[in-house]
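These values consider heavy atoms only, across backbone and side chains, with no hydrogens, waters or symmetry-generated copies.
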Amino acid sequence: MTSFPIDLGAYQRISLDAANPTLTDEQRSALKANIQLCRDAIVFFTATGAARGVGGHTGGPYDTVPEVVILDALFRGAGEKYVPVFFDEAGHRVATQYLMSVLNGDMPAEQLMRYREAGQKLPGHPELGLTPGVKFSSGRLGHMWPYVNGVAMANPGKTVFCLGSDGSQQEGNDAEAARFAVAHHVNVKLLIDDNDVTIAGHPSSYMGGYSVKKTLEGHGLTVFEGDGEDIDSLYANICKAINTPGPVAVINKRAMAVGIEGIEGSTHGHDVISVKAAISYLEAKGHTAAVEILNGISPSPNPYEFIGSSKTTGANRNTFGDAMVEVLGEMDEATRKASVLVVDSDLEGSCGLAQIRKAYPEIFVSGGIQERGNLSAAAGFGMEKGKQGVFATFAAFLEMCISEITMARLNYSNLLCHFSHSGIDDMADNTCHFGLNNFFADNGLDDGYETRLYFPADPNQMKACVKTVFPNPGLRFIFSTRSKVPMILDADGNEMFGGDYTFTPGKDEVIREGTAGYIVTFGDSVYRALDAVERLKQEGIDVGLINKATLNVVDEEMMAKIGKAPFVLVTEAFNRKTGLGSRFGSWLLERGYTPKFAYLGTHEEGCGGLWEQYPHQGIDPTGIMAKVKELVG
């Protein structure tokens, strides 16, 4: 393996004592050298993710290096006084955890160059037990502080730190954690990177009145605020926090990705640095070997050639927004403004809402990073007959909104939700960002207010689905993947959902007929299952394929058809415990049908990478074909 091109052995392992809040010249010099070394390393190895096409996040871990190297020196100086873990409530700052694992000797530096690559145990959020040296799983944004409160209470007499951000502080979890910490005198210290940047914008612009400092003071915390790039001030504030009993927040003001030309202060810093920007940065720092390595890395696309679907692909998550713009464009301006409210949760570019904001800004709200409150606001708008609330975020966050979904149902809201990044495809962020438990949205009673779950198979069907279900009353959930998907083709090679196709809620669709048995699936599993079906037919196994785009409604006519087949196999990217397969067998039995039955789904922790997640779970065409052959004997 190529050696890591930046000498991490130059890291100076100094010790600091919080009883002495003033740095000596030697300590200051060592900290500054460590900061530069670590920032250079983070720019380089996160850029390998950009070069490989697996993405990543550079700005967050780059920003918080000063805090981290100070903590590292404090832990070394008096380890018995602290819980020596860099707990971080912004999980996308995982590069920090990987770098510190290397500096602590838990894995070789060369491993960093496989950042987010499939099978390399370096996913986009830290996962305890997966990566050597990683000491906690961060989960999703804002989930760590409440947890760290408990860690602190389990370690009386010790100080516990939690790295935070102005983005994660928008989550309701942190408001609860703050009240708990103050009420119970928890000795937790928050080090908050306040850079006024989130994925979709600047909190100072889209969230007027929001102040991290005033919010935390209002909860009763002691708060120190300063310049995060002034090492003397930062160290003094951290020492004051340590020497002040109970919960304390140190808010560190700085520009996002300070010092990186073309990225500093911009939303681009939130995601992975581009290879071009990284090369410019590294060349200026004299890291020519790092530049050569970056120039030698290229993406690894899926070599598998799928049959039964088009070569061209499209992003359903963006098609949702395009279709919504078309639907909204058919309304007159007064009706549109009076009857529709679209609420974003800082993911407008990822969920298709950016198109709506650009076309019709008067009905669009940038709600910030507070999914539960945003969903409820959209639902409340849709309480009145004739009004529609529209909400979108990642499917992984659906689990956070179950109570709010129940409230929307109890209040007979008209609410259309788009949950993108459903399933596991293209998910280098890995297990905590898998959108697996989408059936949780259908948590009402049989006689409750109507709830419908839809997962279109391709952009053609997504467009048709949005146009059909938008004006409907009730709760409607439309799911899409992060990955692009091809168009489903019929047996003659034409686009199955193109032309004058209209979407019919509740009706399953025959993609291919078959006599040996049927595969039932939906979403991005359709084109993979179709490939398996076509190949099985070539081998003489005449398998049929059913697209169940309405997930939670039994199509009695289709059930009667496939219930008499020799076998039924459900395959999906959802959780095997909670997905379609976990209930489809019961639906068959309740109707007196007894085909051989099996179901495939996501059942293991992720492996990182992008398309590699599917074969890792055994739900790719190869896995589907193997299960079919097992069923037919």
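A side-chain N or O of Asn187 and one of Thr159 form a donor-acceptor pair less than 3.5 Å apart. Judged by distance alone, the side chains of Asp88 and Ser138 never bring a donor and an acceptor atom under 3.5 Å apart. Under 3.5 Å, the side chains of Gln36 and Asp40 contain a donor-acceptor pair of N or O atoms. Looking only at atom types and distance, the side chain of Ser168 has a donor-acceptor partner in the side chain of Glu89 under 3.5 Å away. Using a 3.5 Å distance cut-off with no hydrogens or angles, the side chains of Thr393 and Ser345 do not pair a donor with an acceptor. With no hydrogens or angles considered, no side-chain donor-acceptor pair links Asn472 and Arg452 at under 3.5 Å. No side-chain N or O of Asp193 forms a donor-acceptor pair with one of Ser165 less than 3.5 Å apart. Looking at Ser233 and Asp227, their side chains never bring a donor and an acceptor atom within 3.5 Å of each other. Judged by distance alone, the side chains of Thr481 and Asn316 never bring a donor and an acceptor atom under 3.5 Å apart. Between the side chains of Gln613 and Asn430, at least one donor-acceptor pair of N or O atoms lies under 3.5 Å.
Annotation: salt bridge (Lys or Arg N to Asp or Glu O under 4.0 Å) contacts of Asp442 (sequence neighbours excluded): none. Legend: residues meeting side chain to side chain donor-acceptor pair (under 3.5 Å) with Asp425, ordered by chain and number and at least two apart, are Ser483, Arg528. Residues satisfying the side chain to side chain donor-acceptor pair (under 3.5 Å) criterion with Gln355, sequence neighbours excluded, are Asp322. Under the rule for a salt bridge (Lys or Arg N to Asp or Glu O under 4.0 Å), the partners of Glu399 that lie at least two apart in sequence or sit in another chain are Arg140.
In summary, the aromatic rings of His270 and His57 are positioned with their centroids under 6.0 Å apart. With ring centers used as reference points, Phe320 lies 6.0 Å or more from Phe470. Between Phe180 and His185, the distance separating the two ring centers is not shorter than 6.0 angstrom.
Looking at Arg482, its side chain does come within 3.5 Å of a backbone N or O of Asp426 through a donor-acceptor pair. Not a single donor-acceptor pair under 3.5 Å links the side chain of Thr131 to the backbone N or O of Leu128. Side chain of Ser274 to main chain of Ala277: a donor-acceptor pair is present (N/O by atom type, distance under 3.5 Å, no hydrogens or angles). No donor-acceptor pair under 3.5 Å is formed between the side chain of Thr578 and the backbone N or O of Phe574. Looking at Ser280, its side chain never comes within 3.5 Å of a backbone N or O of Lys276 through a donor-acceptor pair. Looking only at distances, no side-chain donor or acceptor of Gln27 sits under 3.5 Å from a matching main-chain atom of Leu16. Looking only at distances, a side-chain donor or acceptor of Asn414 sits under 3.5 Å from a matching main-chain atom of Lys387. In this structure a side-chain-to-backbone donor-acceptor pair under 3.5 Å is present from Arg476 to Val469. No donor-acceptor pair under 3.5 Å is formed between the side chain of Arg357 and the backbone N or O of Phe364. Using a distance-only test at 3.5 Å, with no hydrogens or angles considered, a donor-acceptor pair links the side chain of Gln370 to the main chain of Gly367.
With rounding to the nearest 0.5 angstrom, the CD atom of Gln169 is 4.0 Å from the CD1 atom of Ile192. Note: Leu347 CG to Arg317 CZ = 10.0 Å, rounded to the nearest 0.5 Å. Here Asp230 contributes atom CG and Lys253 contributes atom NZ; the two are 15.5 Å apart, rounded to the nearest 0.5 Å. Of the inter-residue distances, the one linking Asn34 atom CG with Leu103 atom CG reads 8.5 Å to the nearest 0.5 angstrom. Rounding to the nearest 0.5 Å places OG1 of Thr22 at 9.0 Å from CZ of Arg28. Rounded to the nearest 0.5 angstrom, Tyr454 OH and Cys465 SG are separated by 6.5 Å.
Within 6.0 Å of OH in Tyr210 there are more than 12 heavy atoms belonging to other residues, nucleotides or ligands. Sparse packing is recorded around OH of Tyr412, with 12 or fewer heavy atoms of other residues, nucleotides or ligands lying under 6.0 Å away. More than 12 heavy atoms of other residues, nucleotides or ligands sit less than 6.0 Å from atom CE of Met400. Counting non-hydrogen atoms of other residues, nucleotides and ligands closer than 6.0 Å to NZ of Lys285 gives a total above 12. Lys240 NZ: more than 12 foreign heavy atoms inside a 6.0 Å radius.
Between Val134 and Val94 there is no side-chain heavy-atom pair separated by less than 4.5 Å. When side chains are defined from C-beta on, Leu328 counts as touching Val340, because their heavy atoms get closer than 4.5 Å. Residues Glu404 and Glu371 form no side-chain contact, since every pair of their non-hydrogen atoms from C-beta on lies 4.5 Å or further apart. A 4.5 Å side-chain heavy-atom check between Val65 and Ile42 finds at least one atom pair inside the cut-off.
Because its NZ or CZ atom is not both nearer than 6.0 Å to the ring centre of Phe161 and within 45° of the ring axis, Lys189 does not count as a cation-pi partner of that residue. Remark: Arg39 qualifies as a cation-pi partner of Tyr62 under the 6.0 Å distance and 45° angle criteria applied to the six-membered ring. Relative to the six-membered ring of Tyr82, Lys158 misses at least one condition, a distance below 6.0 Å or an angle of at most 45° to the axis. The cationic group of Arg336 lies under 6.0 Å from the six-membered ring centre of Tyr360 and within 45° of the ring axis, placing it in a cation-pi geometry.
Pairs engaging residues 323-335 under the salt bridge (Lys or Arg N to Asp or Glu O under 4.0 Å) rule: Glu326-Lys463, Glu326-Lys467 [sequence neighbours left out].
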### Query
Can you list the steps and then say if His421 with His433 is a ring-ring contact (aromatic ring centres under 6.0 Å, His included)?
CA-CA 8 Å; His421 293 54; His433 269 54; 8.3 Å; no
### Task
Report the C-alpha distance between Arg409 and Thr451 in whole Å, list the side-chain angles of each, state the deciding distance to 0.1 Å, and finish with yes or no for side-chain hydrogen bond (donor to acceptor under 3.5 Å, both in side chains).
CA-CA 8 Å; Arg409 184 177 294 109; Thr451 301; 2.9 Å; yes
#### Entry: Full working for side-chain hydrogen bond (donor to acceptor under 3.5 Å, both in side chains) between Asn443 and Thr406
CA-CA 7 Å; Asn443 64 351; Thr406 296; 3.0 Å; yes
### Intermediate values then yes/no, ring-ring contact (aromatic ring centres under 6.0 Å, His included), Phe439 and Phe479
CA-CA 11 Å; Phe439 272 88; Phe479 303 118; 8.1 Å; no
### Task
Before giving the answer on side-chain hydrogen bond (donor to acceptor under 3.5 Å, both in side chains), spell out for Ser137 and His125 the whole-Å C-alpha distance, their side-chain angles and the decisive distance to 0.1 Å.
CA-CA 7 Å; Ser137 297; His125 284 237; over 6 Å; no
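Considering all non-hydrogen atoms of both residues, Ser350 and Ser420 come closest at O-OG, 3.6 Å.
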Table please: side-chain donor-acceptor pairs of residues 257-267 below 3.5 Å, with sequence neighbours left out.
{"from": "Glu264", "atom 1": "OE1", "to": "Gly259", "atom 2": "N", "distance (Å)": "2.8"}
{"from": "Ser266", "atom 1": "OG", "to": "Ile263", "atom 2": "O", "distance (Å)": "2.8"}
{"from": "Ser266", "atom 1": "OG", "to": "His268", "atom 2": "N", "distance (Å)": "3.3"}

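A salt bridge is absent between Lys213 and Glu225: the closest approach of a Lys/Arg side-chain nitrogen to an acidic carboxylate oxygen does not fall below 4.0 angstrom.
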